[in-house]
Trainee: 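Can you keep this structure in mind? I'll have questions shortly.
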Protein chains: 2
Amino acid sequence: MDKFFLTVSQFTDLSADSKQELSSCLEELTLPKGHILVKQDAVCNFLYFIDRGLTRTYYLKDGKDVTDWISDENSFACSIISFITRKPDRRIIELLEPSVLFSVHYNDLESLCSKHHDIENFFRNLVSFGLVQLQQKFDDLHFASALQRYQTLMTTHPTFIQRVPLGMIASYLGITQETLSRIRSQI
Amino acid sequence: MDKFFLTVSQFTDLSADSKQELSSCLEELTLPKGHILVKQDAVCNFLYFIDRGLTRTYYLKDGKDVTDWISDENSFACSIISFITRKPDRRIIELLEPSVLFSVHYNDLESLCSKHHDIENFFRNLVSFGLVQLQQKFDDLHFASALQRYQTLMTTHPTFIQRVPLGMIASYLGITQETLSRIRSQI
DNA sequence: TTGATTTTTTGACAATTATCAAAGGAAATT
DNA sequence: AATTTCCTTTGATAATTGTCAAAAAATCAA
């Protein structure tokens with residue numbers, strides 16, 4: 001749980017009391033590769049912190065597998081739209097490696113937020129950071145070539161290239177795996 | 001200011017006290033078409049609420065004009081990355097129509113948030129909603145064809161097609177204006 | 001209204017990326 | 001070690017979209 005609170009401290013300083021209450025809402029999970037955290041067309045009820053391992057968020061678009069997001073150690077994962085809107089979503093979250101996670105239930109998160117102002121501030125900052133990250137990823141997709149996008153990924157997340165199969169990286173970048181394979185052979 | 005608090009109430013119920021303090025931090029602006037709200041490579045210090053009018057957020061990529069976001073009545077506008085990270089950004093915000101806006105300074109927003117728990121909750125909800133919107137826009141760009149993206153825009157923001165020049169709509173959708181013109185002639 | 005400016009459309013051609021099909025490699029399981 | 005499964009590469013071809021250039025249409029201002 002140390003890594004969790006170290007990550008939290010990058011967003012906000014929590015009081016001892018708030019830390020205590022927050023930690024009592026966390027559940028530690030040790031799960032195997034391939035485990036499905038969030039099923040298709042389900043409501044995502046948990047926010048996950050990744051202590052060790054790797055998650056992939058993806059969905060099926062006309063039968064094709066589209067990788068939406070990849071999260072590694074010391075970051076958070078959830079099916080954003082579903083978690084926030086409380087509605088089912090097509091996004092599936094799976095583990096790409098055996099992982100150790102901490103989960104918080106949506107209801108606990110909301111009651112922690114209304115009870116503790118500093119926890120509400122933490123989550124505002126966390127969501128704000130998520131928004132910045134998504135905006136940067138959006139910019140990349142908006143008017144950068146496939147090669148540029150691959151190069152951006154290599155600098156921002158160099159380990160993904162080792163840890164994630166090429167086909168998943170490709171759809172994460174918005175291209176087919178054949179195109180990515182050809183781009184790689186040209187570098 | 002009525003429209004502002006009506007919009008706020010869709011996210012949170014604020015106490016009379018909080019409303020009072022928030023409204024005293026708002027500044028009403030009446031500005032002409034073409035006015036630049038945020039300059040290139042500047043820090044965006046204000047969050048704007050659009051009472052009347054239309055804003056466009058764009059940037060120059062290799063000399064080309066790329067429309068990033070369009071905001072109309074009863075929504076908010078700011079240069080997201082800059083406003084949150086407090087760093088300069090290439091994004092420019094201009095008015096596409098003569099507009100009436102309410103602005104809040106970043107510093108005021110932060111002090112309001114630390115002073116009033118309910119205002120912090122409002123902004124957490126606002127940022128969460130922004131994240132959901134951006135995720136939906138991202139999905140659209142990720143694996144939908146140019147035609148599909150245009151059709152999505154026509155259903156979600158039908159007025160934009162009337163109010164915004166085609167070239168701006170095109171780059172908002174991630175395509176050239178020639179391609180959009182051809183798509184339109186096929187429908 | 002008329003000229004100037006901006007916006008939109010059209011055409012010809014090029015570049016990028018996708019699709020379909022198949023072959024090679026790598027990794028895991030028996 | 002052999003077999004099955006998954007992952008990656010390569011080739012041929014097609015579809016989509018971009019680029020450059022110019023004309024047509026709409027809008028704005030004097």
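Keep in mind that this is a model prediction, so the values were computed, not measured. Within every chain, numbering begins at 1; the chains are lettered A, B, ... in the order of the sequence lines, protein sequences first and strands thereafter.
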Trainee: Just to verify, what does K115(A) make a salt bridge (Lys or Arg N to Asp or Glu O under 4.0 Å) with, not counting sequence neighbours?
Mentor: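 Applying salt bridge (Lys or Arg N to Asp or Glu O under 4.0 Å) to K115(A) gives E21(A).
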Trainee: Take atom CD of Q177(B) and atom C1' of dT17(D), then tell me their distance rounded to the nearest Å.
Mentor: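 About 14 Å, once rounded to whole Å.
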Trainee: Just how far is it from atom CD of Q151(B) to atom CG of L147(B), taken to the nearest 0.5 Å?
Mentor: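 Result: 4.0 Å between the selected atoms.
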Trainee: Please state how far atom CZ in R184(B) lies from atom C1' in dA26(D), giving the value in whole angstrom units.
Mentor: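 Result: 12 Å.
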Trainee: Measure up the Y48(A) and F46(A) rings against each other and bin them: parallel (under 30°), tilted (30 to 60°), perpendicular (over 60°).
Mentor: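 Rings of Y48(A) and F46(A): tilted, 30 to 60°.
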Trainee: Take the protein atom CD of Q148(B) and the nucleotide atom C1' of dT16(D), then report the distance between them rounded to whole Å.
Mentor: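 Rounded to whole Å, this separation is 13 Å.
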Trainee: Who pairs with R52(A) by salt bridge (Lys or Arg N to Asp or Glu O under 4.0 Å), at least two apart in sequence or on another chain?
Mentor: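 For R52(A), no residue satisfies salt bridge (Lys or Arg N to Asp or Glu O under 4.0 Å) once neighbours in sequence are set aside.
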Trainee: Base, sugar-phosphate alone, or nothing: which one does R182(B) contact when heavy atoms must sit under 4.0 Å apart?
Mentor: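 Base, at least one base heavy atom under 4.0 Å.
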Trainee: Please give, in whole Å, the distance from dT27(D) P to E97(B) CD?
Mentor: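 Atom CD in E97(B) sits about 14 Å away from atom P in dT27(D).
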Trainee: Would you kindly compare L166(B) and L180(A) by the position of their nearest DNA chain C nucleotide and give the one closer to the 5′ end?
Mentor: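 Result of the comparison: L166(B).
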Trainee: Check the phosphate of dG18(D) against T179(B), side-chain N and O only, distance under 4.0 Å to OP1 or OP2. Yes or no?
Mentor: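 The answer is yes; a side-chain N or O of T179(B) sits under 4.0 Å from OP1 or OP2.
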Trainee: Are any non-hydrogen side-chain atoms of L60(A) and D65(A) less than 4.5 angstrom apart?
Mentor: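 Contact flag for L60(A)/D65(A) side chains = yes.
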Trainee: I need the NZ-P distance between K61(B) and dG18(D), as an integer number of Å.
Mentor: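 The answer, rounded to whole Å, is 14 Å.
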Trainee: Measure from CG on D65(B) to C1' on dG18(D) and round the result to the nearest Å.
Mentor: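 Going from CG in D65(B) over to C1' in dG18(D) covers 17 Å.
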Trainee: Which nucleotide sits closest to the side chain of T176(B): dT10(D), dT8(D), dT19(D)?
Mentor: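 My answer, after comparing the listed nucleotides, is dT19(D).
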Trainee: Write down the distance between CD1 (I183(B)) and P (dT16(D)), rounded to a whole number of angstrom.
Mentor: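 After rounding, the reported distance stands at 11 Å.
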Trainee: Going 5' to 3' on DNA chain C, which nucleotide is the first and which the last to come under 4.0 Å of a heavy atom in chain B?
Mentor: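 Taking any atom under 4.0 Å from a heavy atom of chain B, the span is dT8(C) to dA12(C).
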Trainee: Any chance you could lay out the side chain to side chain contact (heavy atoms under 4.5 Å, CB included) test for Q136(A) and I81(B), step after step, and finish with the verdict?
Mentor: CA-CA 8 Å; Q136(A) 286 167 341; I81(B) 293 180; 3.6 Å; yes
Trainee: In this structure, how many angstroms lie between the C1' atom of dT19(D) and the CD1 atom of I175(B), rounded?
Mentor: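 One finds 15 Å between C1' of dT19(D) and CD1 of I175(B), rounded.
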Trainee: How would you label the contact of K64(B) with the nucleic acid (heavy atoms, under 4.0 Å): base, sugar-phosphate, or nothing?
Mentor: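 Sugar-phosphate, no base atom in range.
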Trainee: Is D2(B) atom CG crowded by more than 12 heavy atoms from other residues, nucleotides or ligands, each under 6.0 Å away?
Mentor: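 No - once you tally the heavy atoms of other residues, nucleotides and ligands closer than 6.0 Å, there are 12 at most.
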